[in-house]
A.B. asks: 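Right, I'll just put the structure down here and ask away after.
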Amino acid sequence: MIKDKVVLITGASSGIGEETAKLLASKGARVVLGARREDKLKQLADEIVSNGGQAVYQVLDVTKSSDYESIVHLAKETFGGIDVIFLNAGIMPNSPLSALKTDDWHSMVDINIKGVLNGVAAVLPTFIGQKRGQVIATSSVAGLKAYPGGAVYGGTKWFVRDFMEVLRMESAMEGTNIRTSTIYPAAINTELLQTISDKDTAQAMTGIYKQYGITPDRIAAVVAVAIDQPEDTVINEFTVGPANQPW
């Protein structure tokens, strides 16, 4: 059931996060929105509330554990608890390794990996204590297969794949009933391409997304399916992309 669940969404100011917030709120979820752009968050929260939904927001930098602790506190203070965290924030500044864009490498590690670690650390004590909860994470098809230009990005997304699988296994072994779902999107038209600073890589990726890309609400629908399962059932992985893209 989605209705009345408290769902914390990172990367909520645009793309997959924004569409997921709208959809879940329309189904009766109480959404807690986190991202770095406060103006976008406010606009989204106002839209959800004006449509009869429930939403609160707070500026969130996923690289800061203190920001996560604060937004989890907001969820509990406002809605009385937390049921689901959707770890969706991420960047994709792809480039050939020979370009030595080391700042981009470290940014991907900080956001795509540490952002997941910080989020899970913030909710795990609550989920363990209540013996229920759900962690959903956005990986990528780059977390399933390698491709030139995506060494570091793909590495961060492979990490998410492994981390979420171990979280599922340990939860089952420990009897904490924490459900996990990892999503591997292919070409989804979001702001992700805007994070690519390497000119040739950006041009190539833009061409792929223009040819194949589908809208982020398609991923939002998958998140809703994951949450809507019975509490004793988990759909652990979703690989999702355009029907005409040979990923």
Side-chain angles (χ1 to χ4, degrees), residues 9-12 14-20 34-36 60-63 68 85-97 99 101-121 134-170 179-198 201-202 204-206 208-209 212-214 216 218-220 222-223 226 234-242 245-247:
I9 301 170
T10 75
S14 65
I16 292 170
E18 178 183 5
E19 293 300 328
T20 300
R36 287 180 289 190
L60 171 67
D61 180 343
V62 298
T63 68
Y68 263 119
I85 186 167
F86 179 27
L87 300 164
N88 172 67
I91 59 171
M92 188 182 68
N94 282 352
S95 63
L97 291 171
K101 290 185 174 290
T102 54
D103 287 346
D104 288 347
W105 300 355
H106 291 291
S107 293
M108 281 186 274
V109 170
D110 287 343
I111 294 172
N112 299 356
I113 292 181
K114 293 180 182 177
V116 169
L117 294 177
N118 290 337
V120 170
Q134 186 168 16
V135 180
I136 303 173
T138 303
S139 178
S140 168
V141 291
L144 299 173
K145 56 187 74 177
Y147 63 91
V152 180
Y153 176 72
T156 67
K157 294 305 185 177
W158 277 83
F159 168 84
V160 171
R161 178 189 187 190
D162 183 84
F163 178 84
M164 290 289 285
E165 176 65 358
V166 175
L167 176 61
R168 180 194 67 77
M169 295 171 73
E170 290 184 353
R179 299 189 294 163
T180 62
S181 295
T182 307
I183 304 173
Y184 305 96
I188 311 297
N189 289 324
T190 69
E191 295 180 353
L192 208 58
L193 294 183
Q194 297 176 20
T195 66
I196 302 176
S197 60
D198 184 75
T201 304
M205 293 293 288
T206 299
I208 291 171
Y209 278 65
Y212 299 115
I214 54 177
R218 305 301 197 248
I219 305 299
V222 172
V223 176
V234 58
I235 303 179
N236 192 45
E237 294 185 307
F238 298 88
T239 304
V240 188
Q245 182 187 5
W247 41 268

A.B. asks: Minimum heavy-atom separation for Pro242 to Ala187, with atom names?
C.D. replies: CG-O, 3.4 Å
A.B. asks: Atom CD1 of Ile91 and atom CD of Gln194: how far apart are they, to the nearest 0.5 Å?
C.D. replies: 13.0 Å
A.B. asks: Considering only residues two or more places apart or on different chains, which pairs with a residue in residues 148-164 satisfy side chain to side chain donor-acceptor pair (under 3.5 Å)?
C.D. replies: Asn112-Thr156
A.B. asks: Give, for atom CD1 of Ile9 and atom CD1 of Ile85, the distance between the pair rounded to the nearest 0.5 Å.
C.D. replies: 10.5 Å
A.B. asks: Within this structure, what is the CG-OG1 distance for the pair Leu193 and Thr206, rounded to the nearest 0.5 Å?
C.D. replies: 5.0 Å
A.B. asks: For Ser14, does its backbone N or O pair with a side-chain atom of Glu191 as donor and acceptor, under 3.5 Å?
C.D. replies: no
A.B. asks: So do Gln134 and Ser181 actually touch side chain to side chain, heavy atoms under 4.5 Å?
C.D. replies: yes
A.B. asks: Given the rule in the side-chain contact (heavy atoms from CB on, under 4.5 Å) test, do Thr20 and Asn88 qualify, once you have shown the distances and angles that lead to the verdict?
C.D. replies: CA-CA 10 Å; Thr20 300; Asn88 172 67; over 6 Å; no
A.B. asks: Is Val135 close to Met164 at the side-chain level, that is, under 4.5 Å between some pair of heavy atoms?
C.D. replies: yes
A.B. asks: Answer whether the closest heavy-atom distance between the side chains of Ile188 and Ile214 falls below 4.5 Å.
C.D. replies: yes
A.B. asks: If I compare all heavy atoms of Ile16 with all of Pro216, which pair ends up nearest, and what's the gap?
C.D. replies: N-CB, 3.6 Å
A.B. asks: Please identify each residue that fulfils side chain to side chain donor-acceptor pair (under 3.5 Å) with Ser197, with sequence neighbours left out.
C.D. replies: Asp104
A.B. asks: Work out which heavy atom in Gly119 is nearest to a heavy atom in Leu87; give both atom names and the distance.
C.D. replies: CA-CD2, 3.9 Å
A.B. asks: Take Leu97 and Val152 through the side-chain contact (heavy atoms from CB on, under 4.5 Å) test and state the conclusion after the steps.
C.D. replies: CA-CA 8 Å; Leu97 291 171; Val152 180; 4.2 Å; yes
A.B. asks: So does Val62 get a backbone contact from the side chain of Asn118, meaning a donor-acceptor N/O pair under 3.5 Å?
C.D. replies: yes
A.B. asks: Evaluate side-chain contact (heavy atoms from CB on, under 4.5 Å) for Met205 paired with Leu192, printing each intermediate quantity in order.
C.D. replies: CA-CA 10 Å; Met205 293 293 288; Leu192 208 58; over 6 Å; no
A.B. asks: Report yes or no: does Trp247 contribute a side-chain atom to a donor-acceptor pair with the main-chain N or O of Val240 at less than 3.5 Å?
C.D. replies: no
A.B. asks: Over all heavy atoms of both residues, which pair between Tyr68 and Gly115 is shortest? Give the atoms and the distance, please.
C.D. replies: OH-O, 3.0 Å
A.B. asks: Evaluate side-chain contact (heavy atoms from CB on, under 4.5 Å) for Phe238 paired with Val223, printing each intermediate quantity in order.
C.D. replies: CA-CA 9 Å; Phe238 298 88; Val223 176; over 6 Å; no
A.B. asks: Do Thr10 side-chain atoms and Ala89 backbone N/O form a donor-acceptor pair below 3.5 Å?
C.D. replies: yes
A.B. asks: Can you tell if the side chain of Met92 reaches within under 4.5 Å of the side chain of Thr195, non-hydrogen atoms only?
C.D. replies: yes
A.B. asks: Ignoring hydrogens and angles, tell me if any N or O in the side chain of Tyr184 forms a donor-acceptor pair with the backbone of Gly241 under 3.5 Å.
C.D. replies: no
A.B. asks: To check you understand the geometry: which heavy-atom pair defines the closest contact between Asn94 and Ile196, and what is its length?
C.D. replies: O-CG2, 3.5 Å
A.B. asks: Might you point out which heavy atoms bring Ile136 and Ala226 nearest each other, and give the distance in Å?
C.D. replies: CD1-CB, 4.3 Å
A.B. asks: Drop me the distance from Thr190's OG1 to Glu18's CD, to the nearest 0.5 angstrom.
C.D. replies: 11.5 Å
A.B. asks: Find the distance between NE2 (His106) and NZ (Lys101) and round it off to the nearest 0.5 Å.
C.D. replies: 14.0 Å
A.B. asks: Could you pull out all residues at least two apart from Phe163 that satisfy ring pair (Phe, Tyr, Trp, His ring centres under 6.0 Å)?
C.D. replies: Phe159
A.B. asks: So does Gly213 get a backbone contact from the side chain of Asn189, meaning a donor-acceptor N/O pair under 3.5 Å?
C.D. replies: yes
A.B. asks: Carefully, step by step, assess Thr182 and Asn236 under the rule side chain to side chain donor-acceptor pair (under 3.5 Å).
C.D. replies: CA-CA 6 Å; Thr182 307; Asn236 192 45; 5.3 Å; no
